[in-house]
Structures are given as structure tokens and as C-alpha cells.
Amino acid sequence: MDIDEYTSWKEALLRLPSKTFFDLMRLYLGEIKTPFNKQRLVEKLTGFLSKPGTQAIIVKSLDRIDSMILTAVHILHIASKDTLISFLSTESAIPARLINLEERLLLYRTDYVSNSMATVKVYRINPLLYKAIEPQLDSAALFRPEYTSQTQTDITLCDDMVLIGLYTFFLKEPAVLKTGGAFKQKIEKQLKTVFQEAASEPQGFELLAEGLQNLGLLLRNETQLIPQQERWEAFCNYAPPDRKLYIAAAVCGHTRRETLQLRAQFFADFLNALQPEGCYTDETLLRFFDFLLKKQLFESGRDSPLFPGMQSSEAQLTLINYLKVLKLLLPAEQCWQVNTGYASRETAAQPVIAAPSFEVTVLPYTAIASILPILSCMEPVSVLTTARFSITRAACMRCFAQGETDKTLTDVLAAATGGTLPQNIAVSITEWYLQSTAIGLYHGFVMVAAEEKRKLFKQNQQLQSMVARELADGVYLMKPVEFESIRTILHTAGLNATFYHTTAHTRYTAVPLAPLTQHESFLNDLPACTGEQQPFKQEREYREYIKVLATIADTLPMSRDEKQNIKEKIAKKLIIIPEQLAEVPPGTEVREAGGLDFLGKIHLAESAITAQQLLELTLDTAAGQRVITGTPLTIEKAENDALLLIRETGKTAPEKISIARILKMRALQDSLFS
């Protein structure tokens with residue numbers, strides 16, 4: 001047993017209000033004789049809970065939801081009440097269950113100081129009982145898929161073929177956006193023609209375009225999306241899975257590079273944690289997502305969350321939907337399965353196939369970095385598993401405008417095709433080049449060097465590497481470069497220069513991104529159940545045990561109401577052994593009303609509103625009984641009825657419920673250890 005944990009548990013008991021403290025002691029230890037000492041009473045309770053027989057019955061009393069809550073408290077770094085309600089959002093009545101586990105002394109609450117130095121109340125497992133219940137803790141039950149099926153592999157929306165298709169698409173047609181940022185209708189039609197199945201949902205390409213903008217791969221200029229070649233060249237050098245995950249991180253919003261890397265690593269860990277054969281419901285995916293977010297926030301020591309404003313389940317589900325749109329998660333009937341194809345690193349610097357019809361075919365798994373130099377002179381025709389492009393005059397003219405020559409184009413095309421470039425393509429490119437260079441209009445930096453400085457200029461390798469073309473003797477067109485870079489290099493070379501400003505120029509440089517790490521699934525580090533997995537048998541056995549205790553209660557010399565009070569404590573698993581039945585303290589039971597006791601429910605609701613207590617309501621619905629736990633706000637009187645306005649725990653909008661239709665109403669305290 002951890003001594004620090006035991007001390008924390010002991011102090012939590014000693015801080016209880018006197019009435020609560022003594023009610024608990026009488027419940028488990030019987031009548032308390034005066035004079036009493038709180039420290040000795042806690043030690044006596046320690047002895048009671050440490051008995052093997054007591055612990056065996058407590059373990060047998062655990063049902064499925066008890067085990068889920070205890071496991072969640074164990075694996076969550078900050079197991080506050082709100083965190084547990086969010087994490088176990090698929091289960092009902094979690095607040096009432098937490099109170100019950102406190103009354104059963106399985107859980108207690110203590111203070112925790114967060115990274116932001118704020119003090120929050122968090123749950124801990126009773127250290128006296130931890131060893132006994134540890135074999136029942138099963139993290140797999142929290143993250144188990146609905147069922148298993150064959151793995152799925154498909155092209156993602158951020159696959160290499162799609163990326164090179166979009167790169168050429170936006171070079172050909174940069175004015176793709178409406179004023180509001182959505183794609184123009186004609187652009188949507190063109191996308192469907194080129195990308196076919198991949199473009200079945202236009203909002204997917206809008207989301208992808210947003211992510212490419214946030215990565216700096218596309219520059220938005222009013223209604224245009226302009227590819228930034230330098231950044232594409234750098235981005236294509238990353239591993240294929242890393243590119244997909246960085247895009248997934250970027251579609252979640254613009255952020256700093258460090259945060260972008262953390263988001264991409266988060267998505268890598270999230271997808272890696274899912275079983276390839278597992279088919280998961282949205283609720284289970286949400287639990288994976290929520291746990292990883294809290295784990296990363298705790299381990300990084302960050303004061304702010306990775307996705308600001310994304311703490312609610314609805315917001316986190318939006319992020320999961322992004323992965324679905326990008327096809328990193330694939331549908332499997334009513335569930336979702338990880339797309340195992342996203343992790344493929346298989347690429348090859350294989351040649352493209354160029355036909356005399358000017359059509360170029362790019363085969364699957366072609367290394368995108370090896371073909372990027374030839375994409376500028378082509379336009380997309382069809383992008384599926386294999387991509388087809390067309391070398392066009394308009395595309396080549398754009399290359400010439402960027403300073404390319406017919407020789408440089410035919411050289412890179414010949415290299416990309418393995419030296420099998422058809423002769424008619426080379427001849428056509430030369431003809432187009434002669435036509436386009438008959439009149440030249442240059443845009444950029446022009447450097448003029450006097451005759452006595454030209455020799456010094458030509459001897460400097462740094463300056464020569466920045467020259468795009470010599471337009472005339474001593475007149476040089478410079479490559480796109482930062483203004484201050486030219487100034488620095490000239491100064492280093494010992495050249496004084498006068499700078500003439502006519503227009504402002506900006507060059508978008510590549511921002512380096514860190515490679516992502518393929519971690520093992522976080523599930524490997526979580527506790528696995530080592531006890532016998534016989535939950536239904538265990539629950540049946542404990543129900544029989546409850547019947548035995550209830551039979552003993554019937555023989556006690558008490559009134560019918562007192563016997564009923566004891567039986568309710570037995571049902572709540574507060575009475576563990578028959579010896580407790582002799583002296584059950586009055587007044588510790590939560591108040592309750594139900595059935596036809598309309599006035600009783602009204603009075604109970606009014607007192608709960610005044611005392612700001614939680615209410616647990618049991619309703620009869622078409623789908624079966626529904627249990628709501630929440631904060632009552634007001635009661636609105638209506639003809640022959642009254643409406644209770646209650647805000648369910650974990651939700652923001654209040655709900656109106658007919659008091660007459662409430663089967664059972666219970667007033668709960670927020671926590672024994674508040």
C-alpha cells in the first residue's frame with residue numbers, strides 16, 4: 001500500500017463534516033462509544049476494510065459500471081467529476097454512481113494542483129482496497145471495438161495522387177473560390193470530372209484546401225489559390241504518412257508550427273491506438289480521443305489545450321469527422337475503421353509513361369518528390385489509383401513565364417520518363433518556347449552591374465547562384481529571394497549597391513516540420529484485467545447475497561419503515577456484512593419520492609432547488625427507462641401538472657420535464673468529499 005495515498009485518504013475522511021463522518025463510521029463500525037477519537041475511528045475502519053473477507057465481498061459487489069468508473073479513475077491523470085462524466089458520456093447516471101462509490105468507500109476525493117496552479121477536486125481509489133480490485137480494472141473494456149472485421153485499405157483524400165492532382169489543378173485554374181471562400185460551382189464540376197470518386201463530397205476538397213493553406217502550400221489571394229512551389233518541394237520530402245497527418249492537423253485550424261507538430265503527432269497516436277480489425281462506434285472513438293487529449297495535455301505540461309475550444313464532446317466529434325472526411329477513418333456499417341493504407345511508406349522513383357498523344361501516366365506509389373519538377377507543364381485529366389495528365393501549351397507557357405526554357409523542360413521530362421520522351425512532345429515544347437519568348441516581360445529583381453564590377457560579380461558563387469538569367473551585358477534577372485538576402489550577400493562580396501524600389505516582393509519560404517514518431521498504442525501501458533471475467537455470474541451471485549441480507553433484515557425487531565430503510569442500504573451495497581445490520585444509523589439516506597406522490601415530488605424538488613442539490617430522475621420513455629442526473633432550476637406550475645426545469649450534468653441547455661410523469665425522484669448531495 002502506498003503510504004502517501006493512505007495518508008491522503010485518511011485526511012480526506014478527517015476533513016468530512018462531523019455528521020457525515022460519524023454516519024459513515026456508524027454504518028460500517030456500529031455504535032460509537034464516547035469518548036471518541038476520530039484518528040482511532042479511522043484506524044478501526046482501516047482494520048475493517050483490510051479484512052480479506054470484507055474485501056472479497058466488496059470485489060464481488062462490483063458491476064460493469066462500477067468497474068468502468070474505477071478503471072477510468074485509475075487511468076485518467078486528472079479524474080475530476082466533469083472529466084469522468086465527459087469520458088463516460090455513453091453511460092447514464094454517472095454522478096449518482098460516483099456518490100455511491102464514495103459511500104461504499106471505494107473512491108474518495110482530494111485536491112490536485114493543475115499546471116495552471118488551479119486547485120481541482122479529483123477522485124482516487126481507496127488505497128486499502130486497490131490491491132483487491134486491481135485485477136478487475138480493465139482498460140480494454142473502455143476502448144473495446146464494437147466488433148472486428150477484415151482490415152480496410154483505401155485511397156485517402158490527402159493521398160499523394162490527390163495532392164499532385166490538386167497541385168496541377170490549382171496551377172491551371174487558380175481562381176477557384178467564391179468571395180465567401182467556398183468553391184465555385186463550375187470548379188466543383190471540374191473536380192468531380194478529374195477526381196471522380198474522391199470528389200464525391202465537395203466539402204472534402206474545401207476542407208483539404210483549407211489545410212493546404214494553413215500549411216502554406218497554397219496562398220489565397222482573394223478568390224485565387226496559388227501553389228507555393230518552394231513549400232511543395234520541401235513538403236514532398238517528408239514520409240507519406242507524415243504528410244497525411246500534417247494535413248489532418250492543418251485542417252483543424254491555423255496555428256504555430258510547434259502546435260501543428262503536436263497535433264500531427266496526436267493524430268498519429270490516435271490512429272495507431274485503434275485496432276486495424278476493430279470497428280468502433282462514435283462514442284468509443286470519442287473516448288479514445290478524449291483520453292489522448294487529456295494524456296497529452298498532462299504529459300506536455302501545457303497550460304492550454306492542443307485544440308482550443310474543443311473540450312466538449314460535440315467539438316471533439318467535429319475533429320473526428322475531419323478524419324472521416326479525409327478518409328483516414330472508413331465506414332464499416334454503423335461503425336468506423338482505421339484506413340490502414342494511410343500508414344503505407346511504399347514509394348519508388350519509377351518513371352512516368354509519356355505517350356505521343358501528350359498524355360502522361362503516373363503509376364501508383366511513385367515518389368512525389370521525383371515528379372514534382374514536371375507537374376508545372378501538365379494539367380490533370382483523371383486522378384484515381386493511377387493519375388493521368390496532359391502536357392499542354394498553356395501549362396508550358398506558365399513555365400516559360402517562370403524562367404524555364406524549352407531545354408530545361410524537355411530535360412526534366414526526359415529524365416522523368418527514363419529517356420523515353422516522344423520526339424513530337426520535345427519539338428512542340430521548343431515551338432511553344434520560341435513563340436512565348438518573341439516578346440518578354442519580366443517581373444522581379446533586376447541587377448545592373450557596371451563593366452568594372454562585372455568580373456567581381458561573376459567570381460562570386462553565391463551571387464551567381466541567385467541569377468535566373470542574364471538579360472544583357474551586366475543586366476541580370478534574379479531568382480525570387482528576400483530583399484535583405486541580396487543586400488547581405490552584396491555586402492559580403494565587397495560590393496556597394498543602390499536599391500531602387502518600384503514594387504514590393506514577398507517570397508514564401510518553406511517551414512521545416514519535424515518527422516513524426518510511430519509510438520506503440522497507449523493501450524499497452526494501461527491496466528489489463530487479470531481477474532476472472534465472469535461479470536454476469538458475479539452479479540447473479542451478489543444478487544443472491546443481497547437476498548440473504550434482506551432476509552436477515554426482515555427478522556430484526558424494527559418498524560416496517562426502518563426495515564425498508566435498511567433494505568435500500570443493502571441494495572445500494574452500503575451494508576457489506578450481516579454484522580452491520582444490527583445498528584444502521586438513521587438520516588444518512590438520500591431523500592426520495594415517486595409514483596403517485598405528486599406533492600412529495602414537488603416538495604423534494606423545491607428543497608433541492610433551495611439547497612442547490614442534484615436530483616436523480618427516473619422517467620418512463622418509449623425506449624425504456626431513462627435516468628437523468630442534473631441541477632434543478634425552477635418549477636413552472638401548469639394546469640393539472642408542474643414542469644421541472646433541470647439542467648442535466650454535462651449539458652448546457654436545460655430541459656423541461658413533467659413532474660407527474662417522473663417515476664422516481666431522488667435528491668443527491670454533490671459528493672461526500674466536497
Side-chain angles (χ1 to χ4, degrees), residues 167 171 215-217 219 221 226-238 257 349 367-377 395-416 426 429-430 432-434 436-514:
Y167 179 78
L171 283 175
L215 283 170
L217 300 176
L219 171 67
N221 182 12
I226 305 167
Q228 301 299 297
Q229 184 177 352
E230 297 89 351
R231 291 194 173 184
W232 280 86
E233 289 172 354
F235 190 68
C236 290
N237 288 324
Y238 299 118
R257 182 184 61 181
I368 187 172
S370 68
I371 62 170
L372 193 66
I374 69 170
L375 295 178
S376 299
C377 66
C396 289
M397 295 288 274
R398 287 196 303 270
C399 294
F400 301 149
Q402 296 298 320
E404 301 285 351
T405 66
D406 57 337
K407 186 177 186 308
T408 56
L409 273 190
T410 52
D411 284 349
V412 295
L413 282 168
I429 289 175
T430 299
W432 296 337
Y433 179 70
L434 293 174
S436 69
T437 56
I439 298 176
L441 181 64
Y442 299 99
H443 176 81
F445 283 115
V446 173
M447 182 175 292
V448 179
E451 187 173 353
E452 64 273 14
K453 298 290 184 181
R454 290 173 197 168
K455 184 177 180 181
L456 184 60
F457 181 85
K458 290 181 178 180
Q459 288 175 346
N460 189 287
Q461 293 299 318
Q462 269 191 298
L463 286 173
Q464 287 300 305
S465 67
M466 298 168 64
V467 174
R469 176 178 298 179
E470 186 173 4
L471 303 177
D473 289 343
V475 181
Y476 307 97
L477 177 68
M478 309 301 289
K479 294 177 181 177
V481 68
E482 294 288 351
F483 189 81
E484 287 302 320
S485 297
I486 298 178
R487 186 195 297 271
T488 302
I489 293 172
L490 285 170
H491 180 74
T492 304
L495 295 170
N496 295 317
T498 300
F499 293 86
Y500 300 95
H501 292 270
T502 55
T503 57
H505 297 280
T506 304
R507 182 173 184 258
Y508 295 90
T509 55
V511 178
L513 298 170

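Starting from 1, each residue takes its place in the sequence as its number.
- To the nearest 0.5 Å, the span separating CG on L372 from CZ on F235 amounts to 12.0 Å.
- More than 12 heavy atoms of other residues, nucleotides or ligands lie within 6.0 Å of CD in E470, so this atom counts as buried by the packing criterion.
- Here the CD1 atom belonging to I429 is positioned 9.0 Å from the SG atom belonging to C399, to the nearest 0.5 angstrom.
- In this structure, M447 CE and L471 CG are separated by 12.5 Å, a value rounded to the nearest 0.5 Å.
- T430 pairs with exactly one of T405, D406, L409 by the side-chain contact (heavy atoms from CB on, under 4.5 Å) rule, that one being D406.
- Across all their heavy atoms, A369 and C236 have their closest contact at CB-O, 3.9 Å.
- Atom CD1 in I368 sits 10.0 Å away from atom CG in N237 (nearest 0.5 Å).
- For E230 (side chain) and Q228 (main-chain N/O), no donor-acceptor pair under 3.5 Å exists by modelled atom type.
- Note that the CG atom of L413 and the CD1 atom of I371 stand 11.5 Å from one another [nearest 0.5 Å].
- No more than 12 heavy atoms of other residues, nucleotides or ligands sit less than 6.0 Å from atom CD of E451.
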For R231 and L215, what are the C-alpha separation, side-chain angles and deciding distance, and is it a side chain to side chain contact (heavy atoms under 4.5 Å, CB included)? CA-CA 9 Å; R231 291 194 173 184; L215 283 170; over 6 Å; no
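- Rounding to the nearest 0.5 angstrom, the gap separating the CD atom in E404 from the OG atom in S376 is 7.5 Å.
- Side chain of Y167 to main chain of L375: no donor-acceptor pair is present (N/O by atom type, distance under 3.5 Å, no hydrogens or angles).
- Pairing each heavy atom of R454 with each of D473, the nearest pair is NH2-O, 3.5 Å.
- Not one N or O on the side chain of R257 forms a donor-acceptor pair closer than 3.5 Å with the backbone of L513.
- Pairing each heavy atom of A426 with each of T410, the nearest pair is CA-CG2, 3.9 Å.
- Across all non-hydrogen atoms, the minimal contact from A367 to S370 is O-OG, 2.6 Å.
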